[in-house]
Amino acid sequence: MTAELLNGREIAKAYRAGLAEEVEKLKAQGITPNLTVVIVGNDGASLSYVRSKNKAAEKIGMSSGIIHLDADVAETELLDTIERLNNDDTVNGILVQVPLPEQISEEKVLEAIAPHKDVDGFHPTNIGRLYTGQRTFVPCTPLGIMELLKHTGPLEGKDVAVIGRSHIVGQPVAKLLTDAHATVTLMHSRTQGMIDKLKHFDVVISAVGAPGLVTGMHLKEGAIVVDVGNSVVDEKLVGDVDFESAKAVASYITPVPGGVGPMTITMVLNNTLLAAKWHNGLE
Ligand code: NAP
């Protein structure tokens, strides 16, 4: 078997075209969705990630801004900036790029963002709303993974292994998969004999950041493979899955780059559109 490529770039492009139409309709009603990203310091990877979010927002007709603060900024100044954005009616979505310098508490900052502008879905209120089935911003990477999986058929009845239990990927995607009636096993660094267990699963989602963790020989014939991992090896971005060997066994597989990554940015835009609609009392 040679797997079909789950091409995140293509799927994201089509999804963003739909979002652009929605933005157009909002603009006709005098509403321009705005995404504002706050970045602290000059880390090259973070800066380029922020710029790409910014460009993506503008490409679908949203307005967007970057607030760039010095690496040695005081925590109080960053919190004041967030407060100002919370109170600015022209701003619908606020993102603070992480990691933050050590003088700043990431937890405090993420909690300072007003939940109705928290388009990353990391605020404790929004996490609670997700787990209690209320309307909320679903974290972008898990939401993007679910969108990719729509292209592989129904999840109901499937056995899914999620490797990695972080609050931003593993745990929320396990929740979304459970809601979609899949049966989920959440694996992590303490899971005994993890790699040998993978053969039992119809879907494997790896969100670890360990290149070569999963190879074709670990997978069930026809498995669906979603590789969330991002690591840099020899200056190249690679995932957790050995793509060539896995492709020979899987039915669907995401590449790295060009799989989950473009979907994550797309879901930031999706959530910003929702924020603008909800702010204006629209569904
Ligand atoms: P994280 O917070 O570091 O979590 C990593 C998880 O992997 C932890 O739960 C850890 O287990 C588990 N783990 C580590 N080594 C393992 C092993 N050998 N076997 C099984 N599980 C193992 O990372 P994250 O923020 O979730 O990100 C995970 C990866 O996804 C990273 O490479 C990140 O760059 C990437 N990522 C990509 C996107 C995208 O848009 N493409 C978005 C977000 C993240 P313990 O809990 O036991 O420590």
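Each residue takes its place number in the sequence, starting with 1. Order of appearance sets the numbers: ligands from 1, and atoms from 1 within every ligand.
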### Message
Do the side chains of Asp80 and Arg84 get close enough for a salt bridge, i.e. N-O under 4.0 angstrom?
### Response
no
### Message
Does His167, at its NE2 atom, have more than 12 non-hydrogen atoms belonging to other residues, nucleotides or ligands within less than 6.0 Å?
### Response
no
## Note on the structure
For atom 35 (C) of ligand 1, the closest protein heavy atom turns out to be Val228 O, 3.4 Å
### Task
Could you list the atoms of ligand 1 found under 4.0 angstrom from a heavy atom of Ile163?
20 (C), 21 (N)
### Message
If the threshold is 4.0 Å, N to carboxylate O, is there a salt bridge linking Glu24 and Lys27?
### Response
no
### Message
Is it the case that over 12 heavy atoms from other parts of the model lie below 6.0 angstrom from the NZ atom of Lys199?
### Response
yes
### Query
Tell me: protein heavy atom nearest atom 44 (C) of ligand 1, and distance?
Val169 CG2, 3.9 Å
### Message
Between ligand 1 and Gly229, can you find any atom pair, the residue atom being a heavy atom, that is separated by under 4.0 Å?
### Response
yes
### Task
For Asp202 and Gly157, work out which heavy atoms get closest and say how close.
OD2-O, 4.4 Å
### Query
Short question: side chain of Lys158, backbone of Pro154 - any donor-acceptor pair under 3.5 Å?
yes
### Query
Is it the side chain (CB and beyond), the backbone, both or neither of Thr141 that lies under 4.0 Å from ligand 1, heavy atoms counted?
side chain
## Note on the structure
So the atoms of ligand 1 within less than 4.0 Å of a heavy atom of Ala207 turn out to be 5 (C), 6 (C), 7 (O), 28 (C), 29 (C)
### Query
Does Gly170 have a non-hydrogen atom less than 4.0 Å from ligand 1?
no
#### Entry: Derivation of the side-chain contact (heavy atoms from CB on, under 4.5 Å) call for Phe243 and Leu5
CA-CA 11 Å; Phe243 184 79; Leu5 198 68; 3.6 Å; yes
#### Entry: Identity and separation of the nearest protein heavy atom to atom 3 (O) of ligand 1
Val208 O, 4.6 Å
### Side chain, backbone, both or neither: Met194 near ligand 1, heavy atoms under 4.0 Å
side chain
### Query
Considering only the protein, which heavy-atom contact is closest to atom 48 (O) of ligand 1, and what is its distance?
Ser189 OG, 3.6 Å
### Heavy-atom nearest neighbour in the protein, as seen from atom 18 (N) of ligand 1, with distance rounded to 0.1 Å
Leu213 CD1, 4.0 Å
### Query
Can you tell me if Ser63 and Asn34 form a side-chain donor-acceptor pair at under 3.5 Å?
yes
#### Entry: Atom indices of ligand 1 within 4.0 angstrom of Gly209 heavy atoms, with elements
29 (C), 31 (C), 32 (O)
### Task
Around atom 46 (O) of ligand 1, find the nearest protein heavy atom and jot down its residue, atom name and distance.
Arg165 NE, 2.7 Å
### Message
Taking distance alone, with N or O pairs closer than 3.5 Å, would you say Asn230 contacts ligand 1?
### Response
yes
### Summary
Note: Thr191, heavy atoms under 4.0 Å from ligand 1, region reported as neither
### Query
Just how far is it from atom CG of Leu198 to atom OG of Ser206, taken to the nearest 0.5 Å?
8.0 Å
### Query
Any heavy atom of Gly261 sitting closer than 4.0 Å to ligand 1?
yes
#### Entry: Closest to atom 21 (N) of ligand 1 among His188, His167, Arg190 (heavy-atom distance)
His188
### Summary
Closest heavy-atom approach to atom 25 (O) of ligand 1 among Ile168, Asp240, Thr264 is made by Ile168
### Query
Starting from atom 4 (O) of ligand 1, which protein heavy atom do you reach first, and at what distance in Å?
Ser166 CB, 3.9 Å
### Query
Hey, are Lys150 and Glu147 close enough for a salt bridge, meaning a charged N less than 4.0 Å from a carboxylate O?
yes
### Task
Could you tell me whether atom 13 (N) of ligand 1 has a protein heavy atom closer than 4.0 Å?
yes
## Note on the structure
If you scan protein heavy atoms around atom 6 (C) of ligand 1, the nearest is Gly164 CA, 3.6 Å
### Message
If I take atom CD1 from residue Ile66 and atom CG from residue Leu47, how far apart are they, to the nearest 0.5 angstrom?
### Response
8.0 Å
### Message
Between Thr136 and Gln134, is there a side-chain donor-acceptor contact under 3.5 Å, judged purely by atom types and distance?
### Response
no
### Query
Hey, is the main chain of Gly209 close enough, under 3.5 Å, to the side chain of Asp240 for a donor-acceptor pair?
yes
